[in-house]
There are 2 protein chains.
Amino acid sequence: MPEDDPAVPRWRRRKQARPREIVDAALTVFGERGFAAARLDDVAARAGVSKGTLYLYFPNKEELFKAVVREAILPNLDMAERLLAGAQGPSFAVLETLLTLFATRILKSRAGAIPKLIIAEAGNFPDLARFYYDEVIRRAFALLAAVLERGMACGEFRPVDVDSTVRLIVAPMLMSALWRSSFEALEGRPPDVAALLAAHLDALRRTLAPEGGPPS
Amino acid sequence: MPEDDPAVPRWRRRKQARPREIVDAALTVFGERGFAAARLDDVAARAGVSKGTLYLYFPNKEELFKAVVREAILPNLDMAERLLAGAQGPSFAVLETLLTLFATRILKSRAGAIPKLIIAEAGNFPDLARFYYDEVIRRAFALLAAVLERGMACGEFRPVDVDSTVRLIVAPMLMSALWRSSFEALEGRPPDVAALLAAHLDALRRTLAPEGGPPS
DNA sequence: AAAATATTACTGACCAGTCAGTAATTAGTG
DNA sequence: CACTAATTACTGACTGGTCAGTAATATTTT
């Protein structure tokens with residue numbers, strides 16, 4: 001039954017709300033299908049808008065994707081950087097907080113699909129890879145490196161190769177994000193992120209402990 | 001200058017050699033572009049053959065991809081399983097051998113692109129994900145779990161959560177493979193896999209050591 | 001010649017991006 | 001307050017290009 005009551009307009013002008021709604025829909029669709037396979041028709045439909053409207057707010061698919069990253073990832077990075085800047089306690093606690101933050105804020109949200117997406121499309125869309133590398137990866141690595149340097153400087157951590165250790169710290173969390181997006185449907189149970197995080201923190205404590213004894 | 005000497009045929013019938021050549025070309029092209037974005041025209045050109053010929057040997061793109069996985073990955077898994085079955089020495093040495101094997105045989109070869117590929121396309125091609133999960137992931141995880149159980153049984157390793165620890169072991173290697181495919185071009189230097197592997201083995205030694213002291 | 005192997009030309013589905021036109025809203029006028 | 005003109009937000013049909021898969025045809029081998 002078509003709705004043709006003229007008192008109920010077929011659509012409304014909502015210039016303010018559109019961008020956010022479009023970006024939100026795009027996060028979902030990109031997360032489900034990847035960048036290349038995502039259809040802008042689907043993004044538009046999910047945002048309750050026609051495809052042409054997307055182009056009123058974003059010049060093209062790539063810029064729309066960048067907007068998604070800016071909205072879904074960067075605020076978390078900002079938070080992490082503020083957290084480190086104001087941290088007083090032991091370095092290991094900072095590390096713990098950062099990893100837990102990632103496990104809860106990113107992994108459990110729809111933003112958890114973004115790492116997969118970037119890895120998947122980096123080869124075919126080098127501009128996106130560059131953008132993400134500059135805006136996210138570099139900052140995140142610098143953040144973790146700073147924590148390690150801080151811990152080593154005050155003798156809380158034994159001396160380690162910073163670059164390799166940062167990768168060791170990131171890898172399991174990253175892998176969890178990729179797993180969710182790729183194989184969760186195939187395994188019976190959902191992966192136990194809490195158990196993995198606990199095991200990882202335990203391993204890191206042992207790995208970073210100075211030779212004399214465990215860190216305080 | 002067109003070659004039309006009838007003594008030199010424009011092409012030859014080489015039923016035996018084609019499949020291998022096609023699979024080899026496909027590994028390269030899939031590795032460069034991913035599954036969806038890879039063009040069968042490109043695979044054919046690289047194999048020195050026309051597109052129609054691909055369909056004489058493989059029913060469709062998916063089956064061609066499965067053939068690539070079978071040829072590039074499964075022999076390495078077979079080797080790893082034989083290695084474990086015949087291993088006599090300490091469990092940590094086995095672990096070390098397995099990781100080194102991965103770092104050299106997979107990471108450095110074109111097969112290193114396959115994990116990225118699977119992760120990238122799992123969502124859009126669930127059949128491929130299922131195939132890879134059953135044929136590769138399950139077996140690889142079982143392999144590592146067996147090493148851990150073995151080491152724990154004889155007191156060489158402290159008791160750990162097997163599933164989480166397997167993921168901790170795999171993650172950095174997997175991440176290296178993904179990194180190569182995605183960001184190597186963006187960073188100045190190539191990632192130092194040897195350093196990462198050394199740091200990872202060091203971390204694992206500390207993580208798995210029984211409380212009393214380091215494993216022999 | 002007949003069979004096997006290969007090529008070439010084609011089809012149909014798909015989709016990012018465009019743009020002429022339309023509906024909703026706002027500003028101007030008496 | 002109407003009622004009209006001007007503006008702006010939005011729509012949806014269309015275009016141009018891509019590519020997996022297929023059909024028709026050609027070449028090689030036996």
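Keep in mind the model is a prediction, meaning the values are calculated, not measured.
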| message | Rounded to whole Å, how long is the line connecting atom OH of B/Tyr55 with atom P of D/dG21? | response | 4 Å
| request: Rounded to the nearest angstrom, tell me the gap between atom NZ in B/Lys61 and atom P in D/dC19. | output: 9 Å
| field | Closest to side chain of B/Tyr57, choosing from C/dT5, C/dT7, C/dT18 | value | C/dT5
| message | Rounded to whole Å, how long is the line connecting atom CG of A/Leu54 with atom P of D/dC10? | response | 11 Å
| query | Does D/dT28 have OP1 or OP2 sitting under 4.0 Å from an N or O in the side chain of B/Arg14? | reply | no
| request: Identify, between A/Gly52 and A/Arg33, the residue whose nearest nucleotide on DNA chain C lies closer to the 5' end. | output: A/Arg33
| said: What is the distance, to the nearest angstrom, from the CG atom on B/Asp42 to the P atom on D/dG21? | reply: 15 Å
| query | So which nucleotide from D/dA20, C/dA16, D/dG12 ends up closest to the side chain of B/Arg39? | reply | D/dA20
| said: Between D/dG12 and A/Lys51, counting only base atoms on the nucleotide and side-chain atoms on the residue, is there a donor-acceptor pair under 3.5 Å? | reply: no
| query | Any idea which heavy atoms bring B/Val162 and B/Leu148 closest together, and the distance? | reply | O-CD1, 4.0 Å
| remark: Of D/dC10, C/dT8, D/dG21, the nucleotide closest to the side chain of B/Asn60 is D/dG21
| remark: Residues B/Pro190 and B/Glu184: closest non-hydrogen pair is CB-OE2, 3.8 Å
| note | Considering only heavy side-chain atoms of A/Leu40, the closest of D/dA20, C/dG17, C/dT7 is C/dG17
| field | Whole angstrom value for the distance that separates P of C/dT5 from CD1 of B/Ile22 | value | 13 Å
| query | When the ring planes of B/Phe65 and B/Phe30 are compared, do they come out parallel, tilted or perpendicular, using 30° and 60° as the limits? | reply | perpendicular
| remark: A/Leu56 atom CG is separated from C/dA24 atom P, nearest whole Å, by 16 Å
| message | Taking any heavy-atom pair under 4.0 Å as a contact, classify A/Ala37: base, sugar-phosphate, or nothing. | response | nothing
| request: Could you give me the CA-CA distance, side-chain angles and deciding distance for B/Tyr133 and A/Trp179, then say whether ring pair (Phe, Tyr, Trp, His ring centres under 6.0 Å) is met? | output: CA-CA 11 Å; B/Tyr133 187 77; A/Trp179 215 259; 7.0 Å; no
| remark: Considering only heavy side-chain atoms of A/Lys15, the closest of C/dA6, D/dA9, C/dT25 is D/dA9
| query | What does B/Ala38 touch in the nucleic acid at a heavy-atom separation under 4.0 angstrom: a base, only the sugar-phosphate, or nothing? | reply | sugar-phosphate
| field | Whole-Å distance separating the CZ atom of B/Phe58 from the C1' atom of D/dA20 | value | 16 Å
| request: Respond yes when some side-chain nitrogen or oxygen of A/Thr53 is under 4.0 Å from OP1 or OP2 of D/dT11, and no when none is. | output: yes
| note | When rounded to whole Å, the CD to P distance for the pair B/Gln16 and D/dT29 reads 15 Å
| request: Please report the closest heavy-atom contact between A/Val147 and A/Phe157, naming both atoms and the distance. | output: O-CE1, 4.0 Å
